[in-house]
Amino acid sequence: MPPPRKNARTEVLRGLVERVVFHNEDNGYCILKVLPEGKNGTAGLVGKAPRVVAGEEFEARGMWEPNRDFGPQFKADELKLRRPDSLNGIERYLGSGLIEGIGPKYAKRIVEKFGPKVFDIIENESKKLEDVEGVGKKRRIEIRESWMKQKSIHGIMLFLHQHGISSSRALRIYKTYGEEAQTVLKENPYRLAQDIRGIGFKTADDIAYQLGVPNDAPERIRAGILHVLETAAQSGHCCFPEAEVIGKAVELLGVETLIAPQVEELITTEQIERVGEFLYLPRLRAAERSIAANVKSTASLPSAYPAIDEAAALAWVMKKTGKELAESQQRAVREALRHRMLIITGGPGVGKTTILRGILLILQSKQVKLVLAAPTGRAAKRLSESTGLEAKTLHRLLEYQGEGQWGRHRGKPLVGDLFVIDEASMIDAPLMAQFLSALPEGAHLLIVGDADQLPSVGPGMVLHDLIVGGSVPCVKLTEIFRQAASSRIITSAHAINRGQVPDLKPFSRSDFFFLEASEPDEIRDLIVQLAHTRLPAKYGFDPITDIQVLTPMNRNLLGTASLNHSLQLALNPPNEVKFEIERFNTTFRVGDKVIQTHNNYDKEVFNGDIGHIVAIDADPVKIHVRYDADRLVEYEPGELDELQPAYALTIHKSQGSEFPCVIIPVSTQHYMLLERSLIYTAITRAKKLCVLVGDERALSLAVSKQESRKRFTGLGGML
């Protein structure tokens, strides 16, 4: 919210809600048309409420603010709503669509008949509703059932809102537990953390504390232990040493002696599994076991391709593509034709794309049905561009339906002869388990990826474990080819991968530079200057579409939030003709580069998709984002928590993507996150130019650390 203007003062506004213009259930944000007491006509009111219905009486504390598009609006810091007392309010309330069986016409009739007693009549003497013209037994029952359901939801919402929980979660709680919701909450609020996506231990613990649940309650301790394992999974671990789980649970819960017995209780009730000295969440243990079983059974089978004369096929494909394959590349093609399952791994410039294109051309000529996929939309697009064949995201290929439901699985497998998975380092254990379970009988599988990149955001390090497990034949490519060897982006990336700080001396015609700057604000200012003026002037890059800043984290002066703010001001500043809208502490402006942060299957936009805001409509408010050349997607204001500015992205978010020019801050401010795979991944996102800005000591520190490899998984051992 903007700072108060001079002479602006807080005031209290009361009245009736005439119309709900907009309400976002997730955060309660609402835009209302209201009838203020003592004023003629309607006014706009903006505030937050868990639930709002036309006809409710409101009391708001805040101040009037000018609005360029909608005239003066009352911005409420506090907003209280209650069921109306006035007949006008009751009629609007009942006719708002809240109660099934009552629209504006019946609301008028019912209020005329029963006046202010109407709520009591519906609840306790509903038979009397049949005295109203047009209300028979069926409609009367429908009205009462709907009223009782709404009353129950309303009670739960108010209860949860008092404990800081959003309306959409309140609805989710109601859908999960129905009329029992408040009983469940009071008996064991920790069930929320287990049963409902989006509610974690800390929220449940806050509610429990306010409800008087003691610190040493067994249900609290069990929930805390599960939370430790869930947190480990969010950090990439499939399992965690039992001693460390207990240590972290003591830290979290503030009790010590009671934890080990509750670990045993969770094992007895099959909520966790013990394997040697490690504890697992059952779903992750099941995912690893499923991967291991499917990999062993597939890899043990011989190739079932039609007969292929390898020498003739290699000569044909080299002639067809006009590309001579080196001996190591020819060996990779032969291995792919000989095995049912193969991994091809290697860094940039080693010819993975050339090899893959050759394999696919040979098999296509033999009428082998090819299916190509990658973990993200941008990686799938790159795979499609490099092979000339259709490639899908794994989620789309497996027909993901949300809420953990998939259209393709063991009972309804995929269709194809050879499945190719690119950018496999990004695939976590649950997704790989789902994919392998959906492979049809007799299918071949080719897995392509760079095992030295950052591992998946989700739990596991599947590509690394498949390679070290030894059950799957693997071709490791190390030879950098002539054209690639002249690129300092590629030679620097390989040096970093070997644990060496690359040559940082400037060369005028180089594609890789290191610019020294020590203080975080100095680094930030230099990055903005490079993106805004210096690089576009020297290389002709478009500062918004061609240049991408990649940073290790979201917070601090060199995190995405701060850099996006500075870059937006420089690259797309506000002016009188540009429309903008502020939501979720972010200003969105026509011309902004944005990234989708959740998979949205209705809009067909996915986590990691980058687009540009091409228009913002004023009334009603709508934001139009262009993805690719031809895809326009509309967002309402309440959906903008799915978008973030994308001038600066985290390195994790950039996986599977390439950009003409990449700028990377390297600062000791990020020392907790700096490590070799992170810097290596960031540098290898650049196609034409990579510029590191920062402190040489920080780069040296990053190159010497290999933190992302320290994940606890069991898959390698199973294989």
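One-based numbering along the sequence shown.
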Presence of salt bridge, Glu658 and Arg685, under 4.0 angstrom: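 Looking at Arg685 and Glu658, the cut-off is not met.
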Pairs flagged by ring-ring contact (aromatic ring centres under 6.0 Å, His included) wherever residues 380-423 is involved - sequence neighbours left out: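 The answer is His395-Tyr400, His395-Trp406, Tyr400-Trp406, Tyr400-Tyr601.
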Check whether any side-chain heavy atom of [X] sits under 4.5 Å from a side-chain heavy atom of [Y], and report yes or no.
X	Y	value
Val184	Glu187	no
Arg711	Pro455	yes
Val295	Leu436	yes
Ile344	Leu356	no
Gln434	Leu394	no
Leu360	Val420	yes
Lys202	Leu252	yes
Ile221	Tyr190	no

Cation-pi geometry met for Lys603 and Tyr635 (6.0 Å, 45°):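 Geometry flag: set, cation within 6.0 Å and 45°.
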Please report, to 0.1 Å, the donor-acceptor pairs under 3.5 Å made by any side chain of residues 223-242, with sequence neighbours excluded.
unit_1 : atom_1 : unit_2 : atom_2 : d
Glu230 : OE1    : Arg283 : NH2    : 2.8
Thr231 : OG1    : His227 : O      : 2.8
Ser235 : OG     : Thr231 : O      : 3.2
His237 : ND1    : Phe712 : N      : 2.9
Glu242 : OE1    : Arg274 : NE     : 2.9
Glu242 : OE2    : Arg274 : NH2    : 3.0

If we ignore hydrogens and angles and just use 3.5 Å, is the side chain of [X] paired with the main-chain N or O of [Y] as donor and acceptor?
X	Y	result
Asp609	Val605	no
Lys296	Met718	yes
Ser300	Ser297	yes
His444	Ala304	yes
Ser456	Gly460	yes
Ser384	Ala380	no
Ser386	Thr353	no
Thr393	Thr376	no
Arg340	Gly442	yes

Interatomic distance, [X] atom [atom1] to [Y] atom [atom2] [nearest 0.5 angstrom]:
X	Y	atom1	atom2	answer
Asp205	Thr203	CG	OG1	9.5 Å
Leu372	Leu383	CG	CG	4.5 Å
Ile343	Ile447	CD1	CD1	5.0 Å
Met341	Cys474	CE	SG	11.0 Å
Arg626	His612	CZ	NE2	11.0 Å
Thr586	Ile581	OG1	CD1	11.5 Å

Verify the distance criterion only: is there a donor paired with an acceptor across the side chains of [X] and [Y] at less than 3.5 Å?
X	Y	result
Tyr305	Asp417	no
Ser425	Asp450	no
Asp465	Thr713	yes
Glu642	Gln596	yes

Residues which pass side chain to side chain contact (heavy atoms under 4.5 Å, CB included) with Glu634, listed by chain and number, not counting sequence neighbours: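 Per chain and number, Glu634 pairs via side chain to side chain contact (heavy atoms under 4.5 Å, CB included) with Lys622, His624.
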Is it true that, when you exclude [X] itself, more than 12 heavy atoms of the residues, nucleotides or ligands shown sit nearer than 6.0 Å to its [atom1]?
X	atom1	value
Arg631	CZ	yes
Phe22	CZ	yes
Lys248	NZ	no

Nearest heavy-atom neighbours spanning Ala204 and Pro189: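 Taking every non-hydrogen atom into account, CB-O, 3.6 Å.
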